[in-house]
Amino acid sequence: MPRLSSRITGIIPSGKDGWEVHFTAMTRRHAGEDIIMLSVGDHDFSTPQETVEACVSALHGGFHHYTQLPGIPELRVAMAKVSTQATGVATTPAEVIATPGGQAALYAAVQAVLDPGDHAIVVAPYYATYPGTFRAAGAGYTVVETRAEDGFQPDAAAIERALRPDSRAILINTPNNPTGAVYSKASLEDIAALCRERDLWLLSDEVYWTLGSGEHVSPRALPGMAERTLVINSMSKSHGMTGWRIGWLTAPKDVIRQLIDLNLVTTYGLTDFVSHAAAEALEKEYGVREIAERYAARRLILLDAILGMNDVVVRGSEGGMYVMLDIRAIEPDCEKFAFALLDAEKVSVMPGASFGEAAAGHIRLSLCQPDAILEEAVTRLRRFVSQYRSKAA
Ligand code: PLP
């Protein structure tokens with residue numbers, strides 16, 4: 001076979017990818033073991049029925065054709081409306097581009113602002129695809145850790161220390177995956193000030209914007225930021241549509257104009273009938289409130305059940321679809337803890353170290369299971385923790 005490009009082989013360098021506990025659990029579950037899966041961030045429920053109906057109608061209505069490269073007009077109108085609501089900045093359809101999921105919006109954002117050899121800052125803990133997305137652009141990056149003891153809030157001074165003359169962008173994610181931290185307005189203001197002073201782009205991943213604990217604060221709304229902020233958004237989490245692959249990027253219109261060329265050579269637009277259903281779901285907010293309420297209730301159930309568990313400390317966990325537990329007092333090696341929990345109690349969680357060093361010594365629990373299963377998982381975790389400690393003693 002002739003050789004492959006280093007661009008493609010360099011996206012995921014071989015070796016451990018952090019998903020070992022999850023895939024071990026999956027294999028054992030498929031073999032028939034009763035394992036509670038709290039290691040993945042996909043809903044345990046289907047897409048709202050109204051959205052499904054809208055898609056079926058669009059299919060019967062003959063929407064089977066190529067679409068406009070940046071998205072069908074009604075979808076862009078609906079996305080711009082949601083961006084106005086989500087970011088607090090009046091947004092026109094010319095400032096959004098529809099993409100197949102939030103991941104493709106992130107890819108587009110990185111491609112738009114970084115040349116090969118440029119440098120970026122990634123605030124950690126971070127979503128697992130971030131490093132590969134920079135590598136795919138040939139860009140370098142420095143990971144800046146947030147501290148568990150600060151509730152995983154970013155520290156602008158630490159970011160500033162990591163900046164280099166060739167730094168072009170900072171990537172943040174709030175509400176955060178994996179920690180569930182919701183970045184405070186003060187933290188975002190400090191990062192925004194840095195972006196303005198150093199003339200940097202801010203890539204702001206806000207795919208969990210409906211799942212925060214209070215009003216969503218987007219850095220795009222801060223003074224002087226709309227012209228330098230690219231917001232990654234998605235219908236996967238907010239609208240219960242992970243498998244539909246619909247997301248979008250909000251950015252200055254000159255950025256969007258250039259990104260239409262990227263769609264020309266990559267996706268060539270989105271699926272026609274899915275686009276129509278997505279536009280209706282955005283306009284009518286199908287499922288949004290119910291999904292947000294469901295995750296908020298589950299977070300409370302889980303946090304209540306964990307309260308008082310000796311030596312387990314909750315960090316972050318204010319929004320998104322995850323709860324982050326500091327288990328360092330019991331076992332500093334979070335992967336060892338996660339494998340032992342899987343073996344002893346058949347509960348699969350993600351070791352925090354899979355998301356960068358900042359979350360080492362933690363485990364991430366996803367809220368994507370019904371209430372009763374979450375409660376059962378905590379009962380098992382409680383039993384495991386007390387036995388682990390007594391064995392270690
Ligand atoms: N950004 C974050 C922080 C995520 O957690 C995810 C998915 O889990 C994505 C982006 C990608 O979203 P999508 O499923 O729409 O591609």
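Values reported hereafter were calculated over all heavy atoms of this structure, with side chains retained and with hydrogens, waters and symmetry mates removed. Note that ligands are numbered from 1 as they come in the structure, with each ligand's atoms numbered from 1 the same way.
Not counting sequence neighbours, the partners of E95 by the side chain to side chain donor-acceptor pair (under 3.5 Å) test are T92.
The aromatic rings of Y295 and H43 lie tilted to each other, with the angle between the two planes from 30° to 60°. Below 30°, between 30° and 60°, or above 60°: for F273 and H64 the angle between ring planes is above 60°, a perpendicular geometry. Aromatic ring orientation, F384 versus Y388: tilted (interplanar angle from 30° to 60°).
Annotation: atom 9 (C) of ligand 1 to nearest protein heavy atom, Y127 CE2, 3.4 Å. Nearest protein heavy-atom contact of atom 11 (C) of ligand 1 is Q103 N, 3.7 Å. The shortest contact between atom 16 (O) of ligand 1 and any protein heavy atom is with R245 NH2, 2.7 Å. At the shortest separation from atom 2 (C) of ligand 1 among protein heavy atoms lies D205 OD2, 3.4 Å.
Under the 6.0 Å distance and 45° angle rule, R364 does not count as a cation-pi partner of F355.
Those atoms of ligand 1 that come under 4.0 Å of a heavy atom in K237, given as number and element, are 7 (C), 8 (O). Taking every non-hydrogen atom of S236 and a distance limit under 4.0 Å, the qualifying atoms of ligand 1 come out as 13 (P), 14 (O), 15 (O). Within ligand 1, the atoms closer than 4.0 Å to a non-hydrogen atom of N173 are 3 (C), numbered from 1 in the order shown. For ligand 1, the atoms sitting less than 4.0 Å from at least one non-hydrogen atom of G101 are 15 (O), 16 (O), numbered in the order shown with element in parentheses. When each atom of ligand 1 is checked for a heavy atom of N177 under 4.0 Å away, the hits are 3 (C), 5 (O). Contact atoms of ligand 1 toward Y208: 3 (C), 4 (C), 5 (O), 8 (O) (distance under 4.0 Å to a heavy atom of the residue).
Using a 4.0 Å cutoff on heavy atoms, T242 does not count as a contact of ligand 1.
E20 and S354 share no donor-acceptor pair across their side chains, judged by distance under 3.5 Å alone.
The shortest distance between side-chain heavy atoms of W209 and V82 falls below 4.5 Å.
If you look at M235 next to ligand 1, there are no close heavy atoms at all, none under 4.0 Å.
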